[in-house]
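Only one structure is covered here, and it is reproduced in the block below.
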Amino acid sequence: MAILGKLDSANLNGGQKLAVKYFTVALVLFGAQILFGLLAGIQYLKPDFLFGILDFSVNRMVHINALVVWLLFGFIGSVYWMLEDESGIPVVGLGLGNLIFWIFTLAVAAVVVVYLLIQVGPGEHSTIWLVNEGREYIEAPRWADIGIVVCVLAFFYNVAATFAKGRYTGVGGVLVLDLIALFGLYLAGMFYTPNVSVDQYWWWWVIHLWVEATWEVLVGCLMAYGLMLTLGVRRKIVETWLYVEVALMFGSGILGLGHHYFWIGTPEYWFTIGGFFSALEPIPLVAMVVHSVFDAGAHKMKNTNHPALAWIIAHAFGNFFGAGVWGFMHTLPQINLYTHGTQWTASHGHLAFFGAYATLVIAFFYIALQKWRGNVWMSGGIAGAWRWKWAMILLNLGMVGMVMAMLISGYEQSQIERAIEGSTWMGYFTAQAHPWFVQGMWWRQVFGWMFAAGFVLLAWDLLTIGGREKRPALQHAELATA
Ligand code: HEM
Ligand code: HEM
Ligand SMILES: [Fe+2]
């Protein structure tokens, strides 16, 4: 046990003590996400596996709901982490924040237990309230929806009141405005309409306007803070970049929503709007890469936290490739006609969620651990550095491998099911049975195990890193956040 070393909460401010609770739950849910992804992946290869016990529909649902929730926990934790640094005062309403943390966590646990216990049943009105709302990614039943709204309102109060009482930095201002939009949009996914087109129309407001607008702005704020902290970049520089990125992001991402309106029964003008604006979406992501690489170069890579900076850079590239390049590939309606809903989509979904969001939350895990250990040295020559490096290699290689495997399967589906067979029912099965599809699904599983191994190593590293470190953290003379 000695290797674990000592974690001392006395090193943390109030907001940060709460943040590490959120981070702990986030890490556990990340593990659960991977487990259920592996089960769902096995069922692609062996459809009988756990059939009637733990169905594919349930595994898939737990996999992607856990994803959304662990990222939300990671984001909330990251905001609490930086809140006192940014605002210059202790968090307002911290007691409420702590209470809400427990309510939120218990509610998530209850929802998952119900998912697992009630896997099939009639779709009645009570089902929406008690079991499952049936909207992909945010399937939580209505009681939990309302609970989530209450929890995030309390969180929003903590953040806004703290900045209002302390000081409003540029990062703080963007963050508060963004959180209003982010949580406001959740409401769009709560109202039931019996018309599937109308239902999807509003549901996309949550999913798309989260990941391609409000979440992007949120991670922009987190990245700004992370760059100031690890590299000591001047505030003026990161905030200027942030404003540019936010303007470009909203300018393209909001109407880019149209790329989900191609085939759900909405008017035809969405082809033009969706195609045009979503094609512009990679631009802010390029800006984010340039921003982080430029800053790192300008500081000659000298930084206070190697693993955190490495993950921040992974985030900049992951966001650009996963969202920007992989998104752009299928965003024009002429192409999407063939690729829609194939493994091509899943390939993009994986690389984008991992590259843009998982990476940055992991960077914050490392930022938190450094201070939790007493603000110890985490620059070159960390004891046991092989662990964070190998975790990073396995997670990234595992993800890229899965993404390429799915892309090949998706290509095959687009070609055989759509182009050759003309999207017929028969064409669907012909494509599913084709060796290229099946092999892609096998490789997805193989790389999935690699990814899982990377996660185990990451968890081990997070438990041990800095445990025996005595040297104080490197100081930037010009550390802008000081
Ligand atoms: C980090 C940001 C992003 C994330 C996390 C993300 C994630 C996803 C996910 C999970 C889906 C599948 C949704 C479903 O279940 O049907 C999807 C679909 C899609 N995404 Fe993204 N995405 C991001 C950014 C982008 C960008 C920037 C573009 C365009 C340049 C884009 C274009 C598309 C398109 C066209 C679809 C529809 C695919 C289909 O028709 O099946 N995405 N995205
Ligand atoms: C061990 C690793 C993983 C495996 C084996 C795995 C497997 C799967 C499977 C089988 C599905 C269902 C696909 C379908 O319905 O056709 C899925 C969906 C999804 N997974 Fe994973 N997954 C893994 C890790 C991850 C990670 C790390 C992320 C994000 C950070 C992620 C994000 C998603 C998303 C967004 C979807 C929905 C995609 C869509 O609707 O197009 N997965 N995954
Ligand atoms: Fe989208």
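Note that ligands are numbered from 1 as they come in the structure, with each ligand's atoms numbered from 1 the same way. It should be emphasised that the depicted structure is a prediction, and the values quoted were computed from it without experimental measurement. Starting from 1, each residue takes its place in the sequence as its number.
Glu212 has its closest N, O or S atom to the Fe ion (ligand 3) at the position named OE2. If you look at His259 and ask which of its N, O or S atoms sits nearest the Fe ion (ligand 3), the answer is NE2. The atom of His350 that is an N, O or S and sits closest to atom 21 (Fe) of ligand 2 is NE2. For His208, the N, O or S atom closest to the Fe ion (ligand 3) goes by the atom name ND1.
Looking at Trp204 against ligand 1, only its side chain comes within 4.0 Å, counting heavy atoms. Counting heavy atoms closer than 4.0 Å to ligand 1, residue Thr331 contributes atoms from both its backbone and its side chain. At a heavy-atom cutoff of 4.0 Å, ligand 1 is contacted by the side chain of Glu216 but not by its backbone. With a 4.0 Å cut-off on non-hydrogen atoms, Val211 touches ligand 1 through its backbone as well as its side chain. With a heavy-atom cut-off of 4.0 Å, His340 touches ligand 1 through backbone and side chain alike. Here Ala356 has side-chain heavy atoms under 4.0 Å from ligand 1, and that is the only part of it that gets that close.
When Ser252, Ala323, Ala213 are checked for heavy-atom proximity to atom 26 (C) of ligand 1, Ala323 turns out nearest. Of the candidates Met402, Arg60, Met61, Gln343, the one placing a heavy atom closest to atom 12 (C) of ligand 2 is Arg60.
For atom 31 (C) of ligand 1, the closest non-hydrogen atom on the protein side is His259 CE1, 3.4 Å. At the shortest separation from atom 30 (C) of ligand 1 among protein heavy atoms lies Ser278 O, 3.2 Å. For atom 36 (C) of ligand 1, the nearest protein heavy atom (residue, atom name, distance) is His260 CE1, 3.6 Å. The protein heavy-atom contact nearest to atom 34 (C) of ligand 1 is His330 NE2, 3.5 Å. Among protein heavy atoms, atom 24 (C) of ligand 1 sits closest to Glu212 CG, 3.2 Å. With hydrogens left out, the protein atom closest to atom 7 (C) of ligand 1 is His348 NE2, 3.8 Å, a heavy atom. Looking only at protein heavy atoms, the nearest one to atom 4 (C) of ligand 1 is Ala352 CB, 3.4 Å. Scanning all protein heavy atoms for the shortest distance to atom 9 (C) of ligand 1 gives Gly349 CA, 3.9 Å.
Residues Trp344 and Ser414 bring no donor and acceptor atom of their side chains to less than 3.5 Å of each other. Between the side chains of Glu281 and Ser252, no donor-acceptor pair of N or O atoms lies under 3.5 Å. A side-chain N or O of Trp263 and one of Asn336 form a donor-acceptor pair less than 3.5 Å apart. Side-chain N/O atoms of Gln343 and Tyr44 include a donor and acceptor closer than 3.5 Å. Inspection of the His291 and Asp295 side chains reveals an N or O donor paired with an N or O acceptor under 3.5 Å. Side-chain N/O atoms of Tyr201 and Asn195 include no donor and acceptor closer than 3.5 Å.
In the vicinity of Tyr137, heavy-atom distances shorter than 4.0 Å reach the ligand 1 atoms 10 (C), 12 (C), 13 (C), 14 (C), 15 (O). When each atom of ligand 2 is checked for a heavy atom of Phe56 under 4.0 Å away, the hits are 15 (O). Near Gly448, meaning under 4.0 Å from any of its heavy atoms, are these atoms of ligand 2: 1 (C), 2 (C). Taking a cut-off of under 4.0 Å to the non-hydrogen atoms of Ile34, the atoms of ligand 2 that pass are 1 (C). Heavy-atom contacts of Glu136 reach the following atoms of ligand 2: 40 (O) (cutoff under 4.0 Å). Counting the atoms of ligand 2 from 1 in the order shown, those under 4.0 Å from a heavy atom of Leu67 are 29 (C), 30 (C), 32 (C), 35 (C). Counting the atoms of ligand 1 from 1 in the order shown, those under 4.0 Å from a heavy atom of Phe328 are 29 (C), 30 (C).
On a distance-only criterion, Asn336 and ligand 1 share at least one N/O pair closer than 3.5 Å. Between Tyr357 and ligand 1, no pair of N/O atoms sits closer than 3.5 Å. The shortest N or O to N or O distance between Thr339 and ligand 1 is not under 3.5 Å. For ligand 2, the polar-atom distance check against His63 finds a nitrogen or oxygen pair separated by under 3.5 Å. By the 3.5 Å distance cut-off applied to N or O atoms, Gly341 is counted among the residues near ligand 1.
For the pair Arg142 and Trp129, the cation sits on the ring face: its NZ or CZ lies under 6.0 Å from the ring centre, inside 45° of the axis. A cation-pi arrangement is absent between Arg60 and Phe36 under the rule of less than 6.0 angstrom and at most 45 degrees off the ring axis.
Phe429 CZ: more than 12 foreign heavy atoms inside a 6.0 Å radius. Atom OH of Tyr428 has 12 or fewer heavy atoms from other residues, nucleotides or ligands within 6.0 Å.
Ring orientation note: the planes of His330 and His348 are nearly perpendicular, at an angle over 60° on the 30°/60° scale. Under the 30°/60° scheme for interplanar angles, the aromatic rings of Tyr357 and Trp215 are found to stand perpendicular. Relative ring orientation between Tyr80 and Tyr22 is described as parallel, the plane-to-plane angle staying below 30° on a 0-90° scale split at 30° and 60°.
The shell of residues lying under 4.0 angstrom from ligand 2, judged by heavy atoms, excludes Trp449.
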Query - Derivation and outcome, ring pair (Phe, Tyr, Trp, His ring centres under 6.0 Å), residues Phe156 and Phe183 - result: CA-CA 9 Å; Phe156 179 75; Phe183 293 131; 7.5 Å; no

